[in-house]
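Working notes, beginning with the structure itself.
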Amino acid sequence: MSMKILWLRPSTGENVSVRRELIAEKLRKRGFEVDIQDSSGLDAVSAIWLAINGEYDIIAGNVRMGLFVGYPLAKVFGKPFLGDVSDTISDIEDLPYPLLRLLVAYEWFVLKRASATVFVYESSYREAIQRGVKSPVKLPNAVDYELFSSPDPAVIKTSKRILEKTGVNLQKPVAIYIGVFTDNYHIVDILKAAEKNPDWEFVFVGEGELEGSVSQASEKQQNVCYPGSFEYHLIPGFLSHADAGFCFKDAEQPLKLKEYGAAGVPAIVQPGELGKFYSDDELIFCKPEATAISEVLTKILNGELSQTTENLRERMEQHSWDAIV
């Protein structure tokens, strides 16, 4: 008999934070029924309605809102609860300290009482053990390696048409950012770097709170382009046209970084957490400010950093779905 799962996640945007969809696709191929539902704000009403009417066997919740909403629902309906921790608590450091501490305390309260827990980040996994979470499971943040290393020619063609229609000059080197547009990821600093590097095309694919800033820059600066947000299957196509990729998330193992690596795109990252897990033979460490970014882009054009790209690609092959499943 098939097992039916309700998986609650934060509401982040239609084409943002797709890790859960990728995992759900693998689970469905193994016979599970998986419904993924946003749960932030008013979306929590839909999550509750599904929990009431869906006859689920398991309720899973991804940090933060999926965890906060999912656990009470599981308790009310007497269902096992799976706590999914794919991010670290540092992702909400901008909250007022008292509120941050309250959320942290509730998060660990839930995880200690969950039927099962999974952790993507090593630091969170270790903290779970220290805090006495029962039998936590460490999961790798896998990438669909073949999807990015050998993208579908039709996808490459479609993405090329989109880029050219948006005004991207593909005869010039392309620096790309894919993901959420927030201050945490130094979007404004990348835009400032575009002003210093007119020989590069800067492409932003995604959505978020700074979408207006990106859109305005694309109207004012000839070398800044914002084609929009797109379904995940097109992302390998966009990366196939890129010569550098930005990943300024200060975290252990962002999925975006693995996608860049699989696609053979040099990954420009900031010093910090990534330095604990990767070497400068794999990543291009760079302060997230315009002058430093400009210097790195010059080195990439000169071919000085090509070995880091190959090293990262080889490592990402070891983190493919095929390698871990």
Side-chain angles (χ1 to χ4, degrees), residues 1-89 91-92 95 99-121 123-129 131-142 180 232 255 321 324-325:
M1 183 177 66
S2 175
M3 184 176 293
K4 195 173 182 181
I5 303 167
L6 175 60
W7 197 348
L8 304 182
R9 66 175 183 181
S11 306
T12 55
E14 184 177 354
N15 298 310
V16 175
S17 190
V18 298
R19 185 184 72 90
R20 284 160 291 281
E21 282 87 350
L22 301 178
I23 296 174
E25 181 183 343
K26 302 294 181 181
L27 290 172
R28 290 177 186 125
K29 290 179 179 178
R30 297 189 176 193
F32 294 91
E33 293 183 50
V34 184
D35 290 336
I36 297 178
Q37 170 62 41
D38 292 343
S39 58
S40 302
L42 292 177
D43 289 331
V45 176
S46 298
I48 294 170
W49 187 91
L50 281 174
I52 294 172
N53 296 281
E55 298 183 357
Y56 293 98
D57 300 296
I58 295 175
I59 295 178
N62 179 251
V63 294
R64 322 232 94 71
M65 289 309 301
L67 194 74
F68 298 161
V69 175
Y71 178 71
L73 287 174
K75 294 297 290 183
V76 167
F77 296 108
K79 305 295 182 181
F81 179 73
L82 169 65
D84 171 22
V85 184
S86 60
D87 294 298
T88 63
I89 203 69
D91 281 358
I92 54 174
L95 290 178
L99 179 57
L100 173 64
R101 299 318 306 165
L102 178 63
L103 293 179
V104 170
Y106 179 66
E107 181 174 75
W108 288 112
F109 172 87
V110 169
L111 293 171
K112 286 182 179 180
R113 291 158 178 80
S115 304
T117 56
V118 294
F119 297 83
V120 171
Y121 282 42
S123 58
S124 298
Y125 173 69
R126 291 174 182 172
E127 186 173 359
I129 294 174
R131 287 177 175 267
V133 174
K134 56 184 179 183
S135 304
V137 175
K138 174 70 171 61
L139 294 181
N141 203 6
V180 184
Y232 189 72
L255 179 58
W321 282 105
I324 69 168
V325 176

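To the nearest 0.5 Å, atoms NZ (K79) and CD1 (I58) are separated by 10.0 Å. The CZ atom of R64 sits 12.0 Å away from atom OG of S39, with the distance rounded to the nearest 0.5 Å. Interatomic distance, CZ of R131 versus CH2 of W108, reported as 5.5 Å (0.5 Å rounding). Here F77 contributes atom CZ and L6 contributes atom CG; the two are 10.0 Å apart, rounded to the nearest 0.5 Å. Taking CG of L67 as the reference point, atom CE of M65 lies at 10.0 Å (rounded to 0.5 Å). Atom CZ of R9 is separated from atom CD of Q37 by 8.5 Å, given to the nearest 0.5 angstrom.
In plain terms, the two heavy atoms of L82 and V118 that are nearest each other are CD1-CG1, 4.2 Å. The nearest pair of heavy atoms linking A114 to T117 is CB-CG2, 3.9 Å. Across every non-hydrogen atom of P80 and S115, the tightest pair is CA-OG, 3.4 Å. Residues A74 and F81 approach most closely at CB-CB, 3.7 Å, considering heavy atoms.
Inter-residue side-chain proximity for Y121 and V85 is flagged as unmet; no heavy-atom pair is nearer than 4.5 Å. Looking only at side-chain heavy atoms (C-beta outward), I5 and E33 stay at 4.5 Å or farther from each other. Residues L102 and Y106 have side chains not in contact (no heavy-atom distance under 4.5 Å, counting atoms from C-beta outward).
The side-chain contact (heavy atoms from CB on, under 4.5 Å) search around R113 returns Y71, F109, not counting sequence neighbours.
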Name every donor-acceptor pair, under 3.5 Å, that has one atom in a side chain of residues 47-56 and the other anywhere in the protein, sequence neighbours excluded.
from: N53; atom 1: ND2; to: W49; atom 2: O; distance (Å): 2.9
from: Y56; atom 1: OH; to: D35; atom 2: OD2; distance (Å): 2.5

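Heavy-atom contacts from other residues, nucleotides or ligands closer than 6.0 Å to NZ of K75 number 12 or fewer.
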